[in-house]
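Scroll down for the structure; my scribbles are underneath it.
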Amino acid sequence: MSAGARVLIIDDEEIVLDVCREILEGDNYTVATAPDGAQGLSLAEEFGPDVVFVDLKMPGLSGFEVLERLRTRDPSIVPIVITGYATLASAVEAMQKGAYDFVPKPFTPEEFRLITRRALEKRRLVRETIALRREQEMLRENFAAIVAHELKAPLAAVQQNLLLLTVELADRLTDAQKERLARLRSRLDDLLKMIDTWLRAISADLGKIRERFLPTDVAGVIAKAVETVQPYAARKDIEITQALPPSLPAVHGDEGTLGEALTNVLSNAVKYSYAGGKVGVSARVDDERILIAVTDAGVGIAPDELPYIFGDFYRGRAGVTGEAGAGLGLAVTRRIVEAHGGTITAESMPGKGSTFVITLPVRRAAEAARDRPEAQNRPVAPLGGAV
Ligand SMILES: Nc1ncnc2c1ncn2[C@@H]1O[C@H](COP(=O)(O)OP(=O)(O)OP(=O)(O)O)[C@@H](O)[C@H]1O
Ligand SMILES: [Mg+2]
């Protein structure tokens, strides 16, 4: 990107505008100029510049304001501030506020050309990064679609046929053969569930859950998640205790996916606990947030593993050496919690246990007013999440 690149210059000194235009047009750039911030901003709308030079000291809108509005409009535009020697400090401030570089007045044509070239290179890199991110996003979605159609459909057909065979051959099969068919079906079931988990983790549908947010009772979500994990805990002789205040404010959220998030964390607590151990769930309100903590006294997580446990497909040493899993539970959980405007953090001591804290913003008055009464009667999705 150089010849034909679009450069906008905003400065109240006519001489500066003329000189800059002359230098850049000589190099085949397309140049537009404006004598103040307001005109500069409206020109930026129609001109679509790659790089914008902004004088910091202008009557009317300040250079800082222009910078800020330009960045909000299109973060990939590369802004550069023009400044006098006396205002070097403000040039530094401008760079802290998002300007890419600054040109101190007076400048030579060569200095101006160099800065413009560097800014255009920066613009090229920024646009490339955006394009790569978009491509990555598309790959992610396409991969989900491929898994869904190419893998899921034939597996479901095999499962269906196995079921039919089992029924049709019921009186001709020995018990051992029936047992073998049942095992086949159960393995297929596991496989289909695993594909579903992958799809949930990879596909972008979580972003859409905001559309079905309703006032959600956190105590109810906790109770259901505990109920879901209970049979698994009982098999390991693990007691799950709850410490909740008598009442908790509602959150603005989706009961089904919140339940899935909590089930994932609780089932991890059970999974990575020693048999006969204890798992605790507690909740409290702090300021405008509800904090839900899940504590176990299990194997714990080494400090070098902690930063990675919320990543896709990450399985720590406890995971790999012990129980089965895909390394997706916490990644899905983090996405669900973040879609609710919340956070999830973990603290752990290897050999002593771990505490996971989910923080959710309390449903604010504005949201309460916005929720239509009829929406509150809509049925909620069933609690998901495999244990
Ligand atoms: N409560 C816990 N105690 C100790 N280690 C944990 C705990 N929770 C998570 N981990 C570690 O973090 C890793 C990632 O957890 P995550 O739930 O994402 O995957 P997983 O449990 O291995 O598999 P799955 O996809 O079935 O949940 C685990 O493999 C384990 O090493
Ligand atoms: Mg897990």
Side-chain angles (χ1 to χ4, degrees), residues 140 143-144 147 151 186-187 189-203 206 222 225-226 228-233 235-242 256-283 291-339 342-359 383-387:
R140 183 190 275 277
F143 178 66
V147 174
L151 261 178
S186 136
R187 297 306 295 269
D189 252 0
D190 290 347
L191 211 55
L192 280 164
K193 267 191 208 136
M194 191 176 78
I195 292 172
D196 275 340
T197 317
W198 286 16
L199 280 174
R200 303 263 306 120
I202 294 159
S203 70
L206 276 178
I222 294 175
V226 170
T228 311
V229 180
Q230 197 66 60
Y232 180 35
R235 285 201 296 278
K236 282 184 80 171
D237 189 25
I238 287 169
E239 188 193 346
I240 303 180
T241 57
Q242 291 185 55
T257 46
L258 275 181
E260 183 179 342
L262 202 59
T263 304
N264 285 343
V265 176
L266 262 175
S267 69
N268 275 351
V270 171
K271 181 158 48 166
Y272 301 111
S273 275
Y274 303 107
K278 275 200 165 79
V279 166
V281 192
S282 64
L291 278 72
I292 308 166
V294 175
T295 302
D296 66 65
V299 296
I301 305 162
D304 63 325
E305 293 188 311
L306 260 183
Y308 304 105
I309 57 172
F310 296 102
D312 288 346
F313 300 108
Y314 183 83
R315 301 213 70 209
R317 289 191 277 279
V320 178
T321 52
E323 313 253 357
L328 281 171
L330 288 180
V332 173
T333 302
R334 181 177 54 84
R335 287 197 183 106
I336 293 174
V337 171
E338 287 176 358
T343 57
I344 176 165
T345 52
E347 279 178 17
S348 189
M349 288 266 281
K352 296 248 187 283
S354 316
T355 296
F356 283 77
V357 178
I358 294 177
T359 305
L383 196 69
V387 174

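Values in this document were obtained by computation on a predicted structure and should not be read as measured data. For ligands, and for the atoms within them, numbers begin at 1 and follow the listed sequence.
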request  = Check each of Val299, Thr333, Leu328, Ile301 against atom 25 (O) of ligand 1 and report the one with the nearest heavy atom.
outcome  =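 The nearest heavy atom belongs to Leu328.
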inquiry  = Looking at non-hydrogen atoms alone, which of Asp296, Leu330, Leu266 comes nearest to atom 18 (O) of ligand 1?
reply    = Leu330
ask   = Is Asn264 close enough to the Mg ion (ligand 2) to have an N, O or S atom under 2.8 Å?
value =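 False for Asn264.
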ask   = Looking at Asp312 and Arg335, does any basic side-chain N land under 4.0 Å from a carboxylate oxygen?
value = yes
Minimum heavy-atom distance between Ala302 and Pro350, given as atom pair plus value =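 The pair with the smallest heavy-atom distance is CA-CG, 3.7 Å.
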Ligand 1 to Arg317 polar contact by distance, N or O atoms, under 3.5 Å = no
ask   = Hey, does Gly327 sit under 4.0 Å from ligand 1 if you only count heavy atoms?
value =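 Contact present.
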inquiry  = Can you tell me if Phe356 contacts ligand 1 (heavy atom of the residue under 4.0 Å from the ligand)?
reply    = yes
request  = Number the atoms of ligand 1 from 1 as they appear, then name those within less than 4.0 Å of a heavy atom of Tyr314, with their elements.
outcome  =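 Reading through ligand 1 atom by atom, the close ones are 13 (C), 14 (C).
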Are there over 12 heavy-atom neighbours, none belonging to [X], within less than 6.0 Å of that residue's [atom1]?
| X | atom1 | answer |
| --- | --- | --- |
| Lys352 | NZ | no |
| Tyr274 | OH | yes |
| Glu338 | CD | yes |

ask   = Leu266 and side chain to side chain contact (heavy atoms under 4.5 Å, CB included): which partner among Asp296, Val279, Ile222?
value =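 Going through Asp296, Val279, Ile222 one by one, the side chain to side chain contact (heavy atoms under 4.5 Å, CB included) with Leu266 is satisfied by Val279 alone.
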Contact partition for Glu305 relative to ligand 1, non-hydrogen atoms under 4.0 Å = neither
